[in-house]
Amino acid sequence: MSDATLPVAAATWQIAHAQGTLTWTLLTPEIVRVAFTPLDAPAHRTWSVLPGSDARRTTDYAVVPTQQGVQVRTTALTLTLDHQNGSFSVGDAAGTPLCDTVRLASGTERTWTMRLAEDAAFLGGGERTGSLNRRGRTLTFWVQDALPNYDAHTDAMYQAIPFLLHLTGGRVGGIFFDSSWRAQADIGQTVADTFSYQTTGPDLVAYICAGPTMTDALRQYASITGLMPPLPRWALGYQQSRWNYGSDAEVRAIAARFRAEEIPCDAIHLDIGYMDGYRSFTWDRDRFPDPSGLVADLRAQGFEVVTVIDPGLKVDPAYTVSAEARERGYLIRDADAQPFEGWVWPGRSVWPDFARDEVRAWWGTQHRGLVEAGVAGIWIDMNEPTQADMWAPPDVTIPHGTSLPLTAQHGPESAPITHAEFHNAYGLAMAQTTRAAL
């Protein structure tokens, strides 16, 4: 351990020791970024942080030397760095702890541990069942097509958002762990007064938001990751969705019944049954012979139409989308750098690689036919991504929730990214791609 906490730039302090480097950067008077970079770690890569949000620096702070290190004070928080043992604490302006005695370590995983106050509660962490207060349980950050029969303790589900709201002493703060790798947070389950977070990624980067209210903490978090665009007005109303509508006649009958019963409804979703053999961006012309006419008729009655799109593309040389993706080299690759082939609704399938800008741009253009038919929204699904064996041969068994191999490759062949890193970001990238296209 070094014997000094070194200021390396404006509002940035650093400690180097045998396991790596710890860096604290004050982004605003309310937000501090903490980075633990092991000696052999590559440059940090993020799929969640807004470009440029880390470039902000505040000059509104004071540095006070202490016997153990330094204390950095702003109008909203107090950052106390202990250069003797490498721990640190973040509290409010009065010093009341938000993150108490944090220690970072590197072994088989990168680990963050800190003390928990007796009254501390935690909210957030993404989609999972159980109490809103996550205290006393372990949260897994790994998106998964969850089992159909949920119980009060279902953990890994369709959203893994490593942002937790920390409530203690009447104050609210936030911690955002910027990692797309598989991770877990043990919130006092193993040791009642200890919080631990472990990531399989090569480094550990976190943002601490000072709050002090729920609104403040969420605003600070959103300044790092961005705000959702406003929804269209119709999307605020009731939307009818089910598995599955067998024909346009059935959809028309459902719409007529809603109006006859005077049940408010603003949109009707079409699940994968509208497609030709579950091929995304196609219509089954026998059961849905006139998509534009159907959408126009529904809109005249006050219904918008939303169609589902899945990323799994049927392996079929006659299916233009799949064939073109293969020809252009736009598919996720296996460990041997060949297009990975698995199984999902269309049968044997391949998946587009949303880690690449050119693939995202190409995928966006595939929506043109749906938009020209009058479709108002896209429902994206199966983008954990998930495999399923309903059409696989008897010798292929795929347990529910199976994703792609962790060794599958994304990105350019010259600088591949493993699926272990990109898995949790795949659905986000698909959503961003779809939004940009529309």
Side-chain angles (χ1 to χ4, degrees), residues 1-39 41 44 54 57-58 60-107 109-117 120 122 162 164 166 168-169 171 173-179 185-187 191 193-199 203-212 217 220 224:
M1 184 67 64
S2 69
D3 60 359
T5 305
L6 302 177
V8 296
T12 299
W13 297 265
Q14 196 170 83
I15 290 177
H17 61 82
Q19 288 190 326
T21 302
L22 289 88
T23 305
W24 298 267
T25 304
L26 201 59
L27 298 182
T28 77
E30 305 163 320
I31 305 172
V32 60
R33 182 183 189 267
V34 183
F36 175 45
T37 308
L39 296 176
H44 180 69
D54 281 355
R57 297 293 183 267
T58 180
D60 185 16
Y61 64 92
V63 179
V64 180
T66 67
Q67 187 174 358
Q68 292 79 27
V70 297
Q71 190 173 81
V72 182
R73 297 176 180 171
T74 76
T75 55
L77 59 78
T78 303
L79 170 63
T80 303
L81 310 179
D82 187 332
H83 64 247
Q84 293 183 357
N85 61 25
S87 69
F88 69 96
S89 296
V90 178
D92 62 17
T96 303
L98 298 171
C99 297
D100 188 10
T101 316
V102 180
R103 299 177 187 274
L104 300 174
S106 180
E109 297 180 333
R110 268 41 64 203
T111 303
W112 163 304
T113 59
M114 68 182 186
R115 295 175 184 167
L116 287 179
F122 283 80
L164 293 164
H166 180 200
T168 185
R171 296 181 58 91
I175 310 173
F176 169 52
F177 295 99
D178 182 27
S179 175
D186 184 329
I187 312 175
V191 181
D193 65 350
T194 300
F195 172 101
S196 68
Y197 170 86
Q198 293 182 309
T199 175
D203 63 358
L204 195 159
V205 172
Y207 296 78
I208 302 172
C209 303
Q220 293 150 16
I224 300 164

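In this text, all values refer to a predicted model and were calculated from it rather than measured experimentally.
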Practice task
Determine, step by step, whether Val32 and Leu27 satisfy the side-chain contact (heavy atoms from CB on, under 4.5 Å) criterion, reporting the C-alpha distance in whole Å, the side-chain angles of both residues, the deciding distance to 0.1 Å, and the verdict.
Solution key: CA-CA 6 Å; Val32 60; Leu27 298 182; over 6 Å; no

Practice task
Identify the heavy atoms of Ala76 and Pro29 that sit nearest to each other, and give their distance.
Solution key: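 Looks like CB-O, 3.3 Å.
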
Exercise for the section: Identify the heavy atoms of Ala210 and Arg171 that sit nearest to each other, and give their distance. Expected result: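 For Ala210 and Arg171, the tightest heavy-atom pair comes out as O-NH2, 3.5 Å.
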
Exercise for the section: Decide side-chain contact (heavy atoms from CB on, under 4.5 Å) for Val102 and Trp112; before the verdict, give the C-alpha distance in whole Å, the side-chain angles of both, and the deciding distance to 0.1 Å. Expected result: CA-CA 7 Å; Val102 180; Trp112 163 304; 3.5 Å; yes

Exercise for the section: Before giving the answer on side-chain contact (heavy atoms from CB on, under 4.5 Å), spell out for Val34 and Phe88 the whole-Å C-alpha distance, their side-chain angles and the decisive distance to 0.1 Å. Expected result: CA-CA 10 Å; Val34 183; Phe88 69 96; 3.8 Å; yes

State the [atom1]-[atom2] distance between [X] and [Y], to the nearest 0.5 angstrom.
| X | Y | atom1 | atom2 | value |
| --- | --- | --- | --- | --- |
| Met114 | Leu104 | CE | CG | 11.0 Å |
| Gln220 | Glu30 | CD | CD | 4.0 Å |
| Tyr197 | Leu164 | OH | CG | 9.5 Å |
| Thr28 | Leu77 | OG1 | CG | 7.5 Å |
| Leu79 | Gln71 | CG | CD | 8.5 Å |
| Arg33 | Ile208 | CZ | CD1 | 12.0 Å |

Handout entry: Derivation of the salt bridge (charged side-chain N to carboxylate O under 4.0 Å, His left out) call for Arg110 and Asp203
Key = CA-CA 6 Å; Arg110 268 41 64 203; Asp203 63 358; over 6 Å; no

When the aromatic ring centroids of [X] and [Y] are compared, is their separation below 6.0 Å?
| X | Y | value |
| --- | --- | --- |
| Tyr61 | Trp13 | yes |
| Trp24 | Tyr207 | no |
| Phe195 | Phe122 | yes |

Problem - Short N-O contact, Arg115 and Asp193, less than 4.0 angstrom - result: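 No, this pair does not count.
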
Handout entry: Parallel, tilted or perpendicular: rings of Phe36 and His17 (30°, 60°)
Key =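 Parallel, since the angle between the ring planes stays under 30°.
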
Can [X] and [Y] be counted as having a side-chain donor-acceptor contact under 3.5 angstrom?
| X | Y | answer |
| --- | --- | --- |
| Asp60 | Thr58 | no |
| Gln14 | Thr23 | yes |
| Thr199 | Ser179 | yes |
| Gln19 | Ser106 | no |

Exercise for the section: Check for a donor-acceptor pair, side chain of Ser196 on one end and backbone N or O of Thr113 on the other, with a separation under 3.5 Å. Expected result: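 No, the answer is negative, given that no donor and acceptor are paired below the 3.5 Å cut-off.
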
Handout entry: Evaluation steps, side-chain contact (heavy atoms from CB on, under 4.5 Å), between Thr101 and Asp82
Key = CA-CA 9 Å; Thr101 316; Asp82 187 332; over 6 Å; no

